[in-house]
Amino acid sequence: MIPTPTTARRATAVAARATDLSKVYGQGETRVVALDRVTVEFPQGEFTAIMGPSGSGKSTLMHCVAGLDTFSGGSARIGDTELGSLKDKQLTQLRRDKIGFIFQAFNLLPTLTALENITLPMDIAGRKPDRQWMDRVIDMVGLSGRLGHRPAQLSGGQQQRVAVARALASRPEIIFGDEPTGNLDSRSGAEVLGFLRNSVRELGQTVVMVTHDPVAASYADRVIFLADGRIVDEMLAPTADGVLDRMKEFDTKGRTS
Ligand SMILES: Nc1ncnc2c1ncn2[C@@H]1O[C@H](COP(=O)(O)OP(=O)(O)O)[C@@H](O)[C@H]1O
Ligand SMILES: [Mg+2]
């Protein structure tokens with residue numbers, strides 16, 4: 001029997017993974033173990049949030065798995081590609097071709113219009129945007145009327161919507177966001193989170209988002225909790241209250257131990 005695409009995908013496909021991943025900064029007295037043998041999978045078509053106290057290694061984990069930083073031990077993969085075996089140039093190419101990024105600071109080019117910013121990564125890669133897909137993405141983030149505007153003519157929420165559309169434009173294997181709503185008011189933040197969730201539910205995207213906000217995490221399918229460079233817990237179908245309670249538990253444990 002031929003399995004349906006959905007079951008086949010669910011059973012096996014992993015968009016990115018870390019295995020025994022370690023990252024050490026500095027040496028001697030300044031030595032910091034930012035990641036301590038972290039093993040985690042990010043399944044295709046899932047929205048994962050990474051949470052944990054400040055300094056727990058969230059950004060480091062994301063940067064290592066996304067090929068933005070080197071690691072000290074273990075392995076990181078995007079699809080079937082082992083990042084540790086790639087040269088700088090190959091890593092740059094992999095990031096460009098397979099990964100979408102959304103950062104806290106929107107990272108748009110001020111001289112380009114919204115549309116030019118959205119298509120820039122593909123223009124650099126020499127790839128032609130799929131017109132139908134682009135229309136769908138632009139429609140989803142509600143930017144149809146503002147494509148000719150420059151970033152300075154857009155609100156923070158609108159700028160981050162441009163960044164979301166830019167990340168989605170090339171249909172990357174996976175999208176990474178580091179505190180993507182960190183600079184937004186709660187309403188704009190909720191909009192951006194809604195778009196990320198829709199991109200997973202309706203477009204089949206894979207999204208991994210670092211956040212310290214329980215409400216943001218509640219948009220995800222799964223929350224991974226980090227503490228001191230290790231994964232200490234996981235929560236499926238999270239609610240904001242559930243995540244908040246779990247975070248409080250960390251604080252209590254931290255004080256008593
Ligand atoms: N470039 C760096 N040099 C030295 N130490 C760093 C560097 N980046 C992060 N660290 C340290 O690694 C640990 C994890 O940092 P980070 O991943 O930024 O945590 P988070 O994103 O959870 O706040 C922290 O102790 C931090 O001080
Ligand atoms: Mg961080």
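Each residue takes its place number in the sequence, starting with 1. Atoms within each ligand, like the ligands themselves, are counted from 1 in listed order.
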Could you pull out the N/O contacts under 3.5 angstrom between ligand 1 and the surrounding protein atoms?
{"unit_1": "ligand 1", "atom_1": "17 (O)", "unit_2": "T60", "atom_2": "N", "d": "2.9"}
{"unit_1": "ligand 1", "atom_1": "17 (O)", "unit_2": "T60", "atom_2": "OG1", "d": "2.5"}
{"unit_1": "ligand 1", "atom_1": "19 (O)", "unit_2": "G57", "atom_2": "N", "d": "3.3"}
{"unit_1": "ligand 1", "atom_1": "21 (O)", "unit_2": "S59", "atom_2": "N", "d": "2.9"}
{"unit_1": "ligand 1", "atom_1": "21 (O)", "unit_2": "S59", "atom_2": "OG", "d": "2.9"}
{"unit_1": "ligand 1", "atom_1": "22 (O)", "unit_2": "S56", "atom_2": "N", "d": "3.2"}
{"unit_1": "ligand 1", "atom_1": "22 (O)", "unit_2": "S56", "atom_2": "OG", "d": "3.4"}
{"unit_1": "ligand 1", "atom_1": "22 (O)", "unit_2": "G57", "atom_2": "N", "d": "3.1"}
{"unit_1": "ligand 1", "atom_1": "22 (O)", "unit_2": "K58", "atom_2": "N", "d": "2.9"}
{"unit_1": "ligand 1", "atom_1": "22 (O)", "unit_2": "K58", "atom_2": "NZ", "d": "2.9"}
{"unit_1": "ligand 1", "atom_1": "23 (O)", "unit_2": "G55", "atom_2": "N", "d": "2.7"}

- Message: For V141, is there any backbone N or O sitting under 3.5 Å from a side-chain donor or acceptor partner on R161?
- Response: yes

- Task: Indicate yes or no: at least one non-hydrogen side-chain atom of L94 is less than 4.5 angstrom from one of I99.
- Result: yes

- Message: Less than 4.5 Å apart, side chain to side chain, heavy atoms only: is that true for V33 and S22?
- Response: no

- Query: Charged N to carboxylate O below 4.0 Å: is that the case for R230 and D36?
  - Reply: yes

- Aromatic ring pairing F42/F176, orientation class (parallel under 30°, perpendicular over 60°, tilted between): perpendicular

- Query: So do the side chains of R166 and I102 get within less than 4.5 Å of each other, counting heavy atoms only?
  - Reply: no

- Message: Between R201 and D221, does any side-chain N to carboxylate O distance fall below 4.0 Å?
- Response: yes

- Item | Backbone N/O of S199 and side chain of Q205: donor-acceptor pair under 3.5 Å | no

- Message: If the test is side chain to side chain contact (heavy atoms under 4.5 Å, CB included), which one of N117, T113, V162, I138 qualifies with L147?
- Response: I138

- Message: Strictly under 2.8 Å of the Mg ion (ligand 2): which protein N/O/S atoms qualify?
- Response: S59 OG

